[in-house]
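Notes follow the structure.
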Amino acid sequence: MPGATRPVGGPQLAQIRRVVSEIPGPRSRELLARQRTLVPAGVGATLPVFVEAAGGGVIVDADGNSFIDFGSGIAVTTVGNSAPAVAGRAAAQLSRFTHTCFLVNPYESYLDVCEKLNTLAPIRGDKRTILVNSGAEAVENAVKIARAATGRPGIVVFDHAFHGRTLLTMTLTAKNKPYKQGFGPFAPEVHRAPMAYPYRWPTGPENCAEEAAQALVDLLDRQVGAENVAAVLMEPIQGEGGFVVPAPGFLKQVAAICRDRGILLIMDEVQAGMARTGRMFACEHEGVQPDLITTAKGLAGGLPLGAVTGRAELMDAVPAGGLGGTYSGNPVACEAALGVFEEIEEHDLLERAREIGDTMLEHLSALADTHEVIGDVRGRGAMVAVELVERHGDRVPAPDLTARIARRCHENGLLVLTAGSYGNVLRFLPPLSIPDALLEEGLAILSEAVAQEAAATG
Ligand code: PLZ
């Protein structure tokens with residue numbers, strides 16, 4: 001395809017849904033066939049349409065289809081794809097220099113990103129930030145720092161957690177297939193506690209926070225020994241695990257349990273952080289102050305950047321040379337991140353995330369009232385999901401139905417993602433730049449898909 005005819009992305013892209021071919025269309029199918037000969041089978045695709053441009057609330061593919069985006073590249077393009085401040089700053093940086101390695105010659109934009117994160121992170125006292133390349137790398141570094149600072153080896157994580165695909169972060173991740181199967185042996189000193197998952201708590205949501213906290217205490221004090229545990233690591237709202245919002249008060253209880261035992265609390269804000277939930281960090285909703293916070297995804301609007309922000313005395317426990325990486329805190333990614341902060345401030349995107357959340361929750365709650373296959377509706381801000389079950393009350397996961405609804409949405413020009421330990425969660429992560437009309441249209445397509453597939457099942 002000649003480059004000159006390719007559409008330009010960003011907010012100037014026509015904000016319309018348009019389905020002009022079967023999905024995927026002929027050009028995407030051709031490219032997918034090419035992918036099969038070049039890329040290993042282990043690399044999947046949720047919706048294999050090849051992208052030409054994206055921006056505002058749409059993604060345009062190689063066949064000319066324009067999809068309403070309820071995925072944001074898995075919570076990455078939160079401020080919009082090719083958002084002006086992100087694209088402008090990154091482009092300007094590309095023409096200055098692309099790389100020096102911050103460990104060889106530093107540059108100021110790295111410091112500007114760290115200053116922003118140190119100022120915004122809900123952590124007490126003096127703070128420091130290190131920049132890395134990805135969410136997994138942020139989590140790896142948070143664990144290294146926690147171990148160095150405490151002199152303890154153990155890490156406690158939760159059921160349904162996702163923390164990455166590297167050896168350590170894959171070990172920290174809960175779900176076996178597809179993330180872990182065949183990839184062992186795993187990293188040592190990782191222990192797992194039950195998550196306070198209200199919808200699936202055996203004795204009911206009202207007992208969830210208290211009993212889950214008790215289970216954590218039991219794991220720490222009786223099974224592992226608190227003096228062997230460097231950190232408890234958790235997502236403030238679980239992402240891949242199905243947008244599980246921990247029972248109210250649970251995060252606070254975990255923080256107190258950690259504090260009493262000299263265990264550090266690491267909040268993995270890679271998916272829920274960076275304005276996604278209507279606060280800059282999702283743990284702010286629960287009034288919790290962790291010791292370390294990991295960010296990535298939304299941090300640089302799609303350029304690879306991750307960070308660990310933490311209490312200065314912990315972060316400084318690692319001697320010079322102990323942390324780093326060739327590309328970590330790449331200058332183009334740093335400029336993009338500064339563009340993300342600008343977009344959030346300029347367009348009051350925290351408020352926009354809350355508005356989007358209100359619209360989605362209202363619509364989806366009404367949908368749950370009329371369709372008993374929707375067992376649970378949950379989320380915060382622009383991070384909302386529905387959990388699908390055989391019928392209301394039985395809580396039997398319905399992964400096939402979930403996949404069929406997702407496919408029907410895709411065929412009608414709405415990109416939705418699935419999630420969940422049982423594959424029965426549809427999650428919605430629209431970019432905060434999505435116009436209201438597209439948000440409403442997307443929700444209408446979803447309702448239609450639920451109605452049609454539920455009828456086909458029932
Ligand atoms: N921590 C909470 O959500 C990445 C994974 C996509 P990376 N989630 C999307 C996939 O299938 O690999 C994630 C996360 C949380 C860490 C990570 C890892 O972030 O940037 O993908 O390494």
Side-chain angles (χ1 to χ4, degrees), residues 39-48 71-78 131-144 155 157-181 183 187 190 195 231-246 251 265-274 276-277 281-283 290 292-309 325 327-330 333 336-337 340 379-380 382-383 385 406 415-421 423 425 427-429:
V39 181
V43 180
T46 305
L47 171 55
S72 297
I74 322 190
V76 171
T77 54
T78 305
L131 300 181
V132 293
N133 297 299
S134 67
E137 214 189 324
V139 172
E140 291 265 354
N141 277 279
V143 168
K144 282 163 68 172
I155 303 295
V157 288
F158 290 91
D159 199 6
H160 310 289
F162 185 96
H163 296 293
R165 289 179 182 269
T166 59
L167 177 58
L168 174 60
T169 59
M170 164 181 72
T171 307
L172 300 168
T173 292
K175 193 175 178 178
N176 180 44
K177 272 189 186 157
Y179 304 126
K180 303 167 85 162
Q181 180 60 39
F183 300 150
V190 173
M195 167 46 77
V232 170
L233 164 66
M234 70 186 305
E235 299 156 86
I237 298 176
Q238 292 186 315
E240 305 305 304
F243 285 17
V244 178
V245 183
L251 261 55
L265 178 58
I266 307 173
M267 268 310 151
D268 183 349
E269 293 262 4
V270 165
Q271 187 152 166
M274 295 306 296
R276 176 52 57 188
T277 65
F281 298 91
C283 67
L292 300 166
I293 289 180
T294 55
T295 47
K297 290 193 186 280
L299 176 59
L303 277 90
L305 192 68
V308 185
T309 303
Y327 299 113
S328 303
N330 168 273
V340 166
R380 276 187 161 129
M383 181 173 188
L415 170 61
V416 294
L417 306 175
T418 57
S421 294
V425 174
R427 58 174 152 170
F428 314 115
L429 293 157

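Order of listing sets the numbers, starting from 1, for every ligand and every atom in it.
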Using only atom types and a distance under 3.5 Å, with no angle test, would you say the side chain of [X] pairs donor to acceptor with the backbone of [Y]?
X: K297; Y: G135; result: no
X: Q271; Y: A75; result: no
X: E137; Y: N133; result: yes
X: S72; Y: L429; result: yes
X: T171; Y: A187; result: yes

OH of Y327: more than 12 outside heavy atoms within 6.0 angstrom?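 No, OH of Y327 has 12 or fewer neighbouring heavy atoms, counting only those of other groups under 6.0 Å.
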
Identify the closest protein heavy atom to [atom]: which residue and atom is it, and at what distance?
atom: atom 11 (O) of ligand 1; answer: R165 NH2, 2.8 Å
atom: atom 1 (N) of ligand 1; answer: D268 OD2, 2.7 Å
atom: atom 6 (C) of ligand 1; answer: I74 CD1, 3.8 Å

For ligand 1, find out whether one of its N or O atoms is nearer than 3.5 Å to an N or O atom of G135.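 Between G135 and ligand 1 (N or O atoms, distance only) the closest approach is under 3.5 Å.
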
As a test of the contact definition, would atom 21 (O) of ligand 1 count as having a protein heavy-atom neighbour under 4.0 Å?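 There is no protein heavy atom less than 4.0 Å from atom 21 (O) of ligand 1.
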
Under the salt bridge (Lys or Arg N to Asp or Glu O under 4.0 Å) rule, what do E240 and R427 come out as? Steps first, then yes or no, please. CA-CA 9 Å; E240 305 305 304; R427 58 174 152 170; 2.9 Å; yes

With a cut-off of 4.0 Å, which atoms of ligand 1 are near a heavy atom of E235?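 Numbered from 1, ligand 1 contributes 2 (C).
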
Return yes when E137 approaches ligand 1 closer than 4.0 angstrom through a heavy atom, no otherwise.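 So E137 does not count as touching ligand 1.
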
Is it true that A136 lies under 4.0 Å from ligand 1, counting heavy atoms only?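 Contact present.
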
From atom 4 (C) of ligand 1, work out which of K297, E240, Q271 has a heavy atom at the shortest distance.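 Among K297, E240, Q271, the closest heavy atom to atom 4 (C) of ligand 1 comes from K297.
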
